There are 2 protein chains.
Amino acid sequence: MALTRQAVLDEAIRTLDAYGFADLSMRKLAAALEVQPSALYWHFANKQSLLAAVATGWLGAMPAPSSGATWDEQVRVWAHGLRRAVTAHRDGAELVASVLAMRAEGVDPTRGLVAILHQAGLRAPDARAAAATVLHFVMGHAVDEQGHAQMQAFGVAPAGAAPDDPDHRFEYGLALLVDGIRARLA
Amino acid sequence: MALTRQAVLDEAIRTLDAYGFADLSMRKLAAALEVQPSALYWHFANKQSLLAAVATGWLGAMPAPSSGATWDEQVRVWAHGLRRAVTAHRDGAELVASVLAMRAEGVDPTRGLVAILHQAGLRAPDARAAAATVLHFVMGHAVDEQGHAQMQAFGVAPAGAAPDDPDHRFEYGLALLVDGIRARLA
DNA sequence: ACCTGAACACCGTTCAAGT
DNA sequence: ACCTGAACACCGTTCAAGT
């Protein structure tokens, strides 16, 4: 069976789930596919574009904004959708964050949110700034949450007190952002 | 002259400024110090603890909260202080973000901010959640800003329209967060 | 068109041995 | 105490050559 672009992507996600982002290498991936490392470079220009393709797949599965709801409900749905999309796989948030950091062509989950905020009444530049703020919050939270889960899984629990519930922290931060946006609409 | 812990740290920052975070390796650093790579492991347990020490140095230089001001002004000063601290050197935000992600012992810039927010009237768990929200915003923005500056420096300008001013985006996001916190105090 | 084989230029880290 | 030398177990990527 010929090696397919999609087969590489699927195996990359399996390798990610099995070994984590730090240990997701082209060589490990090639070994899992029973192929030489160099074979991967026929299907992808380099590792970054492979990771970008993985991230694009996840982000493309985000739910479209439901135009029937109020702007604040739409913002909440968008934020939860992004969080779900990037935390569905081990170290997914870290992978997506790394892809966003290198600004891969056309990988911008923010577009839908900008439209929502503009529709709500924010000027275009303000809508972009507010959307970036929400994006940074969701990604930062997701990376933090997954990294923390990873520590516990390896039994490296930090010495301090019991940490706060991630779900509660997420809801609190999101509510705070929504209130901040509301203040700028009035 | 004997190799000193501080000398290693200083040279690490110089190497960072010269080559960027991705190309900051223990071997390059050793070469710059005219020493074998293994010599560094006498002074630091591993690369992560060296990076943690660099980040700790930067974060330790953040201005202490000025207790004479209103809470919102203190939050603004804290956010600007963190942004300055992590963007002072090339890829500084990325380095600090990576250190925060691995939860190095005692590297938590959030302590001062939590105190400010608790003093302002937020319950302790809410103060921690709000502080984390501000932290994620500042770090996300700083990583984004420095990554973008890097692209331009290498002449890889993206095709789209002219990007918004980072300073404006930062001020807007910060004002939004402050308003959101205010809404939860009332 | 699609993949192998072999190489190039790197990594972080360990550890015996030297001084 | 502090560093060298040499090794171990890896990386991403390129490229001629095979089929």
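Here is how names work: the chains are called A, B, and so on, in the same order as the sequence lines, proteins then strands, and each is numbered from 1. Note that the structure is a prediction, hence the values are computed from the model and not measured.
In the set C/dT4, C/dT13, D/dT4, the nucleotide with an atom closest to the side chain of A/Val35 is C/dT4. The A/Lys28 side chain lies nearest to D/dC11 when the options are D/dT13, D/dC3, D/dC11. Proximity note for B/Ser38 (side chain, C-beta onward) versus D/dC3, D/dA6, C/dC3: the nearest is D/dA6. For A/Trp42, the side-chain atoms get nearest to C/dA1 when compared with the rest of C/dG12, C/dA1, C/dT4.
Atom pair A/Tyr41:OH and C/dA6:P shows a separation of 19 Å (rounding to whole Å applied). Atom-to-atom, CE of B/Met26 to C1' of C/dC10 comes out at 16 Å; the value is rounded to the nearest Å. Between the CZ atom of B/Phe44 and the C1' atom of C/dT13 there is a distance of 16 Å, given to the nearest Å. Per the geometry, CG belonging to B/Leu50 stands 10 Å off P belonging to C/dT13, to the nearest Å. If you take CZ of A/Arg27 and P of C/dT4, they are 14 Å apart, rounded to a whole angstrom.
Considering only side-chain N and O atoms, A/Ser25 lies under 4.0 angstrom from the phosphate OP1 or OP2 of D/dC11. For the pair A/His43 and C/dA1, the criterion of a side-chain N or O lying under 4.0 Å from OP1 or OP2 is not met. Side-chain nitrogen and oxygen atoms of A/Gln36 include none within less than 4.0 Å of the OP1 or OP2 phosphate oxygen of C/dC3.
Of the two residues contacting DNA chain D, namely B/Ala2 and A/Ala39, the nearest-nucleotide position lying further toward the 5' end is that of B/Ala2. Toward the 5' end of DNA chain C, the nearer of the two residues A/Glu34 and B/Leu24, judged by each one's closest nucleotide, is A/Glu34.
B/Trp58 and B/His89 have parallel rings, their planes meeting at less than 30° on a 0 to 90° scale where 60° marks the start of perpendicular. Using bins of under 30°, 30° to 60° and over 60° for the plane-to-plane angle, the ring pair B/His136/A/His141 lands in the perpendicular bin.
The partner of D/dA1, taking Watson-Crick or G-U wobble pairs whose two distances both stay under 3.5 Å, is C/dT19. Figure legend. C/dC8 is base-paired to D/dG12; pairs are counted as Watson-Crick or G-U wobble with both atom distances under 3.5 Å.
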Practice problem: Report the C-alpha separation of B/Lys28 and B/Glu11 in whole Å, then their side-chain angles, then the decisive distance to 0.1 Å, and conclude whether the salt bridge (Lys or Arg N to Asp or Glu O under 4.0 Å) test is met. | Solution: CA-CA 10 Å; B/Lys28 261 207 184 68; B/Glu11 191 65 48; over 6 Å; no

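With P as the reference atom, C/dA9 and D/dC10 are 22 Å apart, rounded to whole Å.
The cationic atom of B/Arg128 (NZ for Lys, CZ for Arg) does not lie both less than 6.0 Å from the six-membered ring centre of A/Tyr172 and within 45° of the ring axis.
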